[in-house]
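No experiment lies behind these values; they were computed from the predicted model shown. Order of the sequence lines fixes the chain letters, A, B, ..., with proteins taken first and strands second; residue numbering starts at 1 for each chain. FYI, side chains are in, hydrogens and waters are out, and symmetry mates aren't considered; it's all heavy atoms of this structure.
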Amino acid sequence: EAGVAQSPRYKIIEKRQSVAFWCNPISGHATLYWYQQILGQGPKLLIQFQNNGVVDDSQLPKDRFSAERLKGVDSTLKIQPAKLEDSAVYLCASRRTGTYEQYFGPGTRLTVT
Amino acid sequence: DAKTTQPNSMESNEEEPVHLPCNHSTISGTDYIHWYRQLPSQGPEYVIHGLTSNVNNRMASLAIAEDRKSSTLILHRATLRDAAVYYCILRDVRAANAGKSTFGDGTTLTVKP
């Protein structure tokens, strides 16, 4: 089966600009996660969706970050406006209901200058 | 959230066994122990998980202490391709938190030829 797809793979923007990331999970996976991974650290969960509903967004900086999964399949994560400290790899993962394994995409490396 | 403690780094020789320890002294009865690994420039990938009993799969073995306060991931014969960051994670499987977990900073495994 095809894995989790993410685009773009790399993005360089200036601070105060906006950026959006796209994720297509594995077909049939109801749960979708967005993580932020700063260099040298483990992934930090930003938001978790179950179908098109938000399960957990407690660590999402809602003043500048937003995410949606309108049809319960693809998802987008947006940052507006970006700050220097947002430089990180943004990882998307998905999981089939009733299983434990999360499947991760390759990530999008964001550099904010 | 229950936390895990892992050594920052470990070294191994190729084709020798590797034992990666993880301490989780505050684990609750509903926490499963999961291991993921992250190869350079890739998203994390699932390795193995368990609750109380030792577990084996094609990638590794998981040994869980009787009191569940620690566990050890065992790679039986390390290869150069096993060089990665290994994350030990506790995942609460109660309905409200299904799939929620917190990644620490993991153990960086270096495999020497």
Side-chain angles (χ1 to χ4, degrees), chain A residues 1-7 9-10 21 23-26 29-51 53-60 77 88-111, chain B residues 1-9 20 22 24 30-53 55 57-60 62 64 71 84-109:
Chain A
E1 66 185 348
V4 176
Q6 291 189 248
S7 67
R9 291 296 312 277
Y10 304 92
F21 311 126
C23 173
N24 186 310
I26 294 173
H29 285 199
T31 307
L32 184 146
Y33 309 82
W34 282 103
Y35 290 86
Q36 178 193 60
Q37 186 172 27
I38 293 172
L39 187 64
Q41 299 180 16
K44 170 188 164 185
L45 179 67
L46 293 176
I47 189 167
Q48 177 183 342
F49 291 95
Q50 181 72 18
N51 295 309
V54 175
V55 172
D56 182 1
D57 63 356
S58 57
Q59 298 196 86
L60 187 74
L77 176 69
V89 175
Y90 290 85
L91 295 161
C92 179
S94 68
R95 180 177 63 87
R96 186 181 301 278
T97 301
T99 67
Y100 299 105
E101 182 177 351
Q102 288 187 20
Y103 292 83
F104 283 80
T108 296
R109 181 176 298 279
L110 173 67
T111 302
Chain B
D1 293 338
K3 295 291 190 289
T4 62
T5 304
Q6 300 177 253
N8 288 334
S9 62
L20 298 165
C22 181
H24 28 78
T30 55
D31 284 331
Y32 276 72
I33 302 159
H34 290 244
W35 284 82
Y36 281 75
R37 72 178 185 180
Q38 187 170 24
L39 280 65
S41 301
Q42 296 186 25
E45 66 173 341
Y46 168 85
V47 177
I48 199 166
H49 78 276
L51 183 63
T52 56
S53 303
V55 184
N57 67 19
R58 63 175 178 81
M59 290 181 69
L62 176 60
I64 301 173
S71 61
V85 179
Y86 287 78
Y87 296 100
C88 169
I89 303 153
L90 300 182
R91 180 155 290 153
D92 190 332
V93 296
R94 287 172 290 180
N97 292 313
K100 181 175 181 177
S101 57
T102 302
F103 283 77
D105 291 339
T107 296
T108 299
L109 175 66

>> So for B/Ser41, is it side chain, backbone, both, or neither that comes closer than 4.5 Å to the heavy atoms of chain A?
In response: backbone

>> Please enumerate all residues that pass ring pair (Phe, Tyr, Trp, His ring centres under 6.0 Å) together with A/Tyr90, with sequence neighbours excluded.
In response: A/Phe21

> Residues in salt bridge (Lys or Arg N to Asp or Glu O under 4.0 Å) with B/Glu45, at least two apart?
Replying inline: B/Arg37

Tell me the closest heavy-atom pair linking [X] and [Y], and the distance in Å.
X: A/Gln102; Y: B/Tyr46; result: O-CB, 4.4 Å
X: B/Tyr87; Y: A/Gln37; result: OH-NE2, 3.2 Å
X: A/Leu91; Y: B/Gly43; result: CD2-CA, 3.9 Å

>> With a 4.5 angstrom heavy-atom cut-off, is it the side chain or the backbone of A/Gln6 that approaches chain B, or both, or neither?
In response: neither

> How long is the span from the OH atom in A/Tyr100 to the CZ atom in B/Arg91, to the nearest 0.5 Å?
Replying inline: 10.0 Å

>> Parallel, tilted or perpendicular: which one describes the rings of A/Phe104 and B/Tyr36, with boundaries at 30° and 60°?
In response: perpendicular

>> Quick one: does any side-chain atom of B/Asp105 pair with a main-chain N or O of A/Gly42 as donor and acceptor, under 3.5 Å?
In response: yes

